[in-house]
2 protein chains.
Amino acid sequence: MNVNTKLDLQEVSQIMKLLGDKTRLTMMKMLQSQDFCVCEFVELFNMSQPAISQHLRKLKDIGLVKESRKRQWVFYSFNRDHDCAFLVEDLLKHLPDQKERLAQLEAQGLRISCD
Amino acid sequence: MNVNTKLDLQEVSQIMKLLGDKTRLTMMKMLQSQDFCVCEFVELFNMSQPAISQHLRKLKDIGLVKESRKRQWVFYSFNRDHDCAFLVEDLLKHLPDQKERLAQLEAQGLRISCD
DNA sequence: TTAGTATATAATGATGCACTTATATAAGTA
DNA sequence: TACTTATATAAGTGCATCATTATATACTAA
């Protein structure tokens, strides 16, 4: 056994359920490397803005992401303080990075930067 | 980045969806340390036999478990040949072992051994 | 203030999922 | 053979989930 602190099975299964959706799993993979605002996700996923907001809401409700408003945008970030953050990060490491998606955003001039 | 071979995101999300159910997640945790037959699971989870069979069917369909008939029983085992086996195993390591469940089975004299 | 942009919430509909009960199949035993 | 035990499959039901459209809220800029 190489892990000492054990997580709650119920909580882990809830997180797995959230990551069982392709859109949310992709979002988390992207958020692992940088923050994104809602409108960027709306451009990247072929889906309505409310659908995106609802996915982010679920991730936020369970604590996997944090939100912060910057000017007119709401940015979401990976919450590394979550109990299960390391578990989720390990899992995401096995997934292909989503560089093409980011490149696509930039190509369309839709990347939002807020400095 | 500490992982070289990347898994298919679609496939991983399907597996996460399956593990998003508490019963199946517990089953996988238990199967990580030893094989179980259907009737043992039926005793341990407060659930009908068809419900248990259906959960095991889903795990089998996606390839996470294998089945083998031994005399009148069907035993299920963790399939370590699956693409995502190492990912799933890593994940399960974070969960509390289910020793009490096994102890409960043995206390009731319901543990099946097939040698 | 008014208009425009970004996001969230509400209501709704279609589909999926996890159980149930009833029944079928398969193996073991008398 | 008939009976029992173990498991799988089928059909049905209630509830959850994921999308949609419509609308509300929040912020920015003119």
Side-chain angles (χ1 to χ4, degrees), chain A residues 9-10 13-28 31 35-62 64-77 105 108-115, chain B residues 9-10 13-28 31 35-62 64-77 105 108-115:
Chain A
L9 195 138
Q10 169 79 37
S13 81
Q14 283 172 190
I15 286 175
M16 294 302 106
K17 184 172 288 179
L18 286 191
L19 300 183
D21 179 274
K22 204 182 160 186
T23 302
R24 287 190 297 259
L25 185 61
T26 307
M27 285 173 161
M28 289 306 294
L31 289 171
D35 298 356
F36 287 91
C37 77
V38 181
C39 62
E40 292 173 313
F41 282 136
V42 172
E43 288 302 322
L44 288 178
F45 296 97
N46 193 22
M47 205 175 286
S48 69
Q49 173 269 317
I52 297 295
S53 273
Q54 285 157 13
H55 281 306
L56 289 166
R57 177 79 139 79
K58 289 181 186 186
L59 293 172
K60 195 186 108 186
D61 282 349
I62 212 168
L64 285 179
V65 303
K66 290 184 291 193
E67 74 173 36
S68 61
R69 191 171 267 280
K70 288 179 190 165
R71 296 173 48 203
Q72 69 264 51
W73 300 289
V74 176
F75 280 78
Y76 283 85
S77 59
L105 256 191
Q108 295 175 276
L110 295 169
R111 182 79 177 117
I112 308 252
S113 66
C114 222
D115 306 315
Chain B
L9 195 139
Q10 169 78 38
S13 80
Q14 283 171 190
I15 286 175
M16 294 302 104
K17 183 172 290 179
L18 285 191
L19 300 183
D21 179 273
K22 204 182 161 186
T23 302
R24 286 190 297 259
L25 186 61
T26 306
M27 285 174 162
M28 290 305 296
L31 290 172
D35 298 355
F36 287 92
C37 77
V38 181
C39 62
E40 291 173 313
F41 282 136
V42 172
E43 288 302 323
L44 287 178
F45 297 96
N46 194 22
M47 204 174 287
S48 68
Q49 173 269 317
I52 297 295
S53 274
Q54 284 156 13
H55 282 305
L56 289 166
R57 177 77 140 79
K58 290 184 183 188
L59 293 172
K60 195 186 108 186
D61 282 349
I62 212 169
L64 284 180
V65 304
K66 291 184 290 193
E67 73 175 36
S68 62
R69 192 173 267 279
K70 286 178 192 165
R71 298 174 45 204
Q72 68 265 51
W73 301 289
V74 176
F75 280 78
Y76 283 84
S77 58
L105 255 191
Q108 295 176 275
L110 294 170
R111 183 80 176 113
I112 308 251
S113 66
C114 221
D115 306 314

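Quantities reported herein were computed from a predicted structural model and do not represent experimental measurements. Residue numbers start from 1 in every chain, and the chains themselves are labelled A, B, ... in the order their sequence lines are given, proteins ahead of strands.
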Rounding to an integer number of Å, can you tell me how far [X] [atom1] sits from [N] [atom2]?
X     : N      : atom1 : atom2 : value
B:H55 : C:dT20 : NE2   : C1'   : 12 Å
A:W73 : C:dT5  : CH2   : C1'   : 10 Å
A:D21 : C:dC17 : CG    : P     : 12 Å

Any side-chain N or O of B:R71 under 4.0 Å from OP1/OP2 of C:dA27? no
What is the nucleic acid contact for [X], judged by heavy atoms within less than 4.0 Å: base, sugar-phosphate only, or nothing?
X     : result
A:E40 : nothing
B:K22 : nothing
A:K60 : nothing

Between [X] and [Y], which heavy-atom pair has the shortest distance, and what is it?
X     : Y     : result
B:V42 : B:Q49 : CG2-CA, 3.7 Å
A:Y76 : A:V38 : CE1-CG2, 3.5 Å
B:K58 : B:L18 : O-CD1, 3.6 Å
B:D35 : B:S77 : OD1-CB, 3.2 Å

Distance check, rounded to the nearest 0.5 Å: [X] atom [atom1] versus [Y] atom [atom2]?
X      : Y     : atom1 : atom2 : value
A:K17  : A:I62 : NZ    : CD1   : 9.5 Å
B:C37  : B:R71 : SG    : CZ    : 11.0 Å
B:Q108 : B:E40 : CD    : CD    : 11.5 Å

DNA chain D: first to last nucleotide in contact with chain A (atom under 4.0 angstrom from a heavy atom), 5' to 3', is D:dT17 to D:dT28
I'd like to check A:T26 versus A:F41 (side-chain heavy atoms, cut-off strictly below 4.5 Å). Are they in contact?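 Heavy-atom side-chain distance check fails, nothing below 4.5 Å.
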Is there a side-chain contact between A:R24 and A:M28, using heavy atoms and a 4.5 Å cut-off?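 No, every pair of side-chain atoms sits at 4.5 Å or beyond.
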Near-strand residues of residues 44-54 of chain A, defined as heavy-atom separation under 4.0 angstrom from DNA chain C: A:Q49, A:P50, A:S53, A:Q54
On DNA chain D, does the nearest nucleotide to A:R69 precede the nearest nucleotide to A:K58 from the 5' side, or the other way round? Give the residue.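 The answer here is A:K58.
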